[in-house]
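Notes follow the structure.
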Amino acid sequence: MSDVAAAAGVSLKTVSRVVNEEPGVRRETAEIVHRTIAQLGFRRNDLARALRHGRRSGLFGLVIEDVSNPFYSAIARGVEEVTRRRGMLAIAASSDEDGERERDLVRLFCERRVDGLLIVPASADHRYMLPELRSGTRVVFIDRPPGKIDADVVLLDNVGGARIAVEHLIAQGHRRIAFVGDVSGIFTTAERLRGYRKTLARAGLPPDPSLIRLGVHDAGAAERAVYELLALPEPPTALFAGNNRITVGVLRVLARSGFRLALVGFDDLELGEMLAVPVTVVAYDAADLGRGAAELLAQRLAGDDSPPQRIVLPTALIVRGSGEVKP
DNA sequence: CTACTCCGTGGTCATGACTG
DNA sequence: CAGTCATGACCACGGAGTAG
């Protein structure tokens with residue numbers, strides 16, 4: 001800015017006025033400054049700007065499990081819609097489901113003075129954030145609630161989603177319905193399992209632990225789990241898959257073995273309607289998670305100090321064929 | 001250890017030219 | 001001579017580096 005001032009033959013303050021389109025600058029002077037700015041390629045330093053009038057970097061830090069996973073990139077997209085509208089910027093980074101990595105990312109974001117954090121938790125204890133929260137950084141959690149602190153969170157209706165999936169399979173006449181889920185420590189797995197159990201119980205179906213497979217973190221593990229289930233003396237006639245990776249594994253087994261098994265998956269699947277047997281899924285708009293969380297964060301930064309909110313977004317069943325296979 | 005300086009920017013106040 | 005307008009001088013923001 002001082003280079004521009006010197007080259008244009010005006011003071012720093014005049015350049016500042018022109019850059020910020022403040023009134024009270026003669027048109028001729030403003031034109032000279034604009035021309036000089038273009039010549040020198042000057043760009044306002046927003047870090048210094050934030051320094052001058054209190055902290056507000058205009059940045060949101062977004063911690064997700066994996067930026068390459070379509071579920072999380074949809075969340076990032078939703079966040080971006082909100083930050084773009086507000087002239088802000090979101091920076092995304094992957095925790096890789098590692099609590100320590102999450103902590104590092106939070107520290108790095110805070111060192112760069114982000115205004116707020118949006119976090120899909122990987123850690124089970126978020127008390128490490130208390131000093132930051134006390135100093136005014138705001139945080140909203142996404143998809144899973146925080147551990148050991150009270151804070152805003154935007155979730156999916158996991159229990160309700162599991163209920164509509166299992167109710168649908170029961171309505172098709174199934175009595176032996178299996179559940180294959182991710183690591184049980186993950187909040188969404190636990191909630192979906194809870195919905196599965198509750199719905200079976202309400203329908204008067206006896207629980208059968210041999211029909212539940214947990215700790216299934218990828219499609220390969222899902223394939224093995226399905227083969228185990230099919231090898232049972234009394235195999236299931238239907239299966240509820242706890243997430244999209246598991247659904248993919250189940251579909252592979254069904255395509256290869258030709259076994260008849262009704263399937264409803266949690267999470268929609270890209271091209272899920274174009275498969276030989278189109279997949280019936282519990283779907284939702286992942287971008288809504290990001291949008292809702294970013295809006296809530298912006299609301300907090302605007303001074304909303306009401307008690308922490310828990311927003312639960314709805315899920316819906318999309319009937320396509322795989323869930324309508326009869327026993 | 002304290003005190004000062006610096007970074008880039010913008011708010012406040014002062015200054016000087018001009019108008020009616 | 002008071003009022004308006006365009007412009008500039010000065011300083012502080014938070015933290016790091018440095019001089020004494």
Side-chain angles (χ1 to χ4, degrees), chain A residues 1-64 79-95 99-119 123 125-141 146 149-152 293-306 308:
Chain A
M1 197 175 262
S2 63
D3 289 348
V4 172
V10 297
S11 75
L12 270 174
K13 185 61 201 174
T14 300
V15 179
S16 169
R17 287 194 178 104
V18 172
V19 167
N20 293 303
E21 295 173 331
E22 284 174 35
V25 179
R26 270 198 324 139
R27 233 185 25 168
E28 294 87 337
T29 312
E31 270 167 25
I32 294 169
V33 172
H34 277 306
R35 225 176 300 133
T36 313
I37 284 172
Q39 259 169 28
L40 300 184
F42 166 78
R43 228 178 280 282
R44 184 177 66 197
N45 182 335
D46 273 6
L47 285 176
R49 195 165 194 246
L51 170 65
R52 175 60 184 84
H53 47 282
R55 47 178 286 141
R56 272 303 147 88
S57 57
L59 296 173
F60 280 177
L62 171 64
V63 180
I64 50 188
V79 170
E80 193 185 6
E81 279 175 35
V82 176
T83 52
R84 180 180 298 181
R85 210 168 43 234
R86 295 171 177 269
M88 304 178 68
L89 195 64
I91 313 171
S94 308
S95 71
E100 206 162 311
R101 178 76 190 137
E102 173 200 298
R103 224 177 143 138
D104 281 345
L105 290 172
V106 166
R107 180 179 54 78
L108 289 168
F109 279 143
C110 289
E111 282 171 0
R112 280 159 183 76
R113 296 295 185 269
V114 297
D115 294 340
L117 291 160
L118 296 159
I119 302 178
S123 158
D125 186 346
H126 292 93
R127 282 175 298 186
Y128 72 88
M129 295 187 67
L130 287 174
E132 295 294 348
L133 298 180
R134 270 195 291 270
S135 72
T137 308
R138 310 303 298 249
V139 60
V140 175
F141 290 87
I149 64 168
D150 199 15
D152 291 317
E295 290 285 8
L296 185 50
L297 186 56
Q299 200 178 307
R300 292 302 189 188
L301 288 165
D304 178 358
D305 275 322
S306 56

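Letters A, B, ... mirror the listed sequences (proteins, then strands); counts begin at 1. Excluded from the calculations below are hydrogen atoms, water molecules and symmetry mates; all remaining heavy atoms, backbone and side chain alike, are included.
Neither OP1 nor OP2 of B/dT9 sits under 4.0 Å from any side-chain N or O of A/Arg44. Taking only side-chain nitrogens and oxygens, A/Thr14 comes nearer than 4.0 Å to OP1 or OP2 of C/dG8.
We find that CZ of A/Arg112 is positioned 17 Å from C1' of C/dG14, with the value rounded to whole Å. Taking atom CD of A/Glu22 as the reference point, atom P of C/dT7 lies 13 Å away to the nearest angstrom. Between the P atom of B/dT9 and the CZ atom of A/Arg52 lies a distance of 13 Å, rounded to the nearest Å. C/dT7 atom C1' lies 13 Å from atom CG of A/Leu12, rounded to whole Å. Between the CD1 atom of A/Ile32 and the P atom of C/dA6 there is a distance of 15 Å, given to the nearest Å. If you take CG of A/Leu51 and C1' of C/dA16, they are 12 Å apart, rounded to a whole angstrom. One atom, CZ of A/Arg49, and another, C1' of B/dC7, lie 17 Å apart when rounded to the nearest Å. The CZ atom of A/Arg27 sits 17 Å away from the P atom of C/dC5 (whole-angstrom rounding).
Position along DNA chain C of the nearest nucleotide to A/Lys13 versus A/Pro23 favours A/Pro23 as the more 5'-ward residue.
Backbone-only contact: A/Val10 has heavy atoms under 4.0 Å from sugar-phosphate atoms and none from a base. A/Ser16 comes within contact range of at least one nucleobase, with a heavy-atom separation under 4.0 Å. Among the atoms of the strands shown, none is found under 4.0 Å from any heavy atom of A/Ser2. Residue contacts for A/Arg17: at a heavy-atom cut-off of 4.0 Å it reaches a base atom on one of the strands shown. Residue contacts shown for A/Asn20 are limited to sugar-phosphate atoms, with no base heavy atom under 4.0 Å away.
Ion pairing between a basic and an acidic side chain is recognised when a charged N comes within 4.0 Å of a carboxylate O; A/Asp305 and A/Arg138 show such pairing.
Defined by atom type and a distance below 3.5 Å, a donor-acceptor pair is missing between the side-chain atoms of A/Asn45 and A/Arg52.
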Please test A/Asp125 against A/Ser123 for side chain to side chain donor-acceptor pair (under 3.5 Å), starting from the C-alpha separation and ending with a verdict. CA-CA 6 Å; A/Asp125 186 346; A/Ser123 158; over 6 Å; no

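Other residues, nucleotides and ligands place no more than 12 heavy atoms under 6.0 Å from the CZ atom of A/Arg84.
In this structure the side chain of A/Met129 reaches within 4.5 angstrom of the side chain of A/Leu117, judged on heavy atoms.
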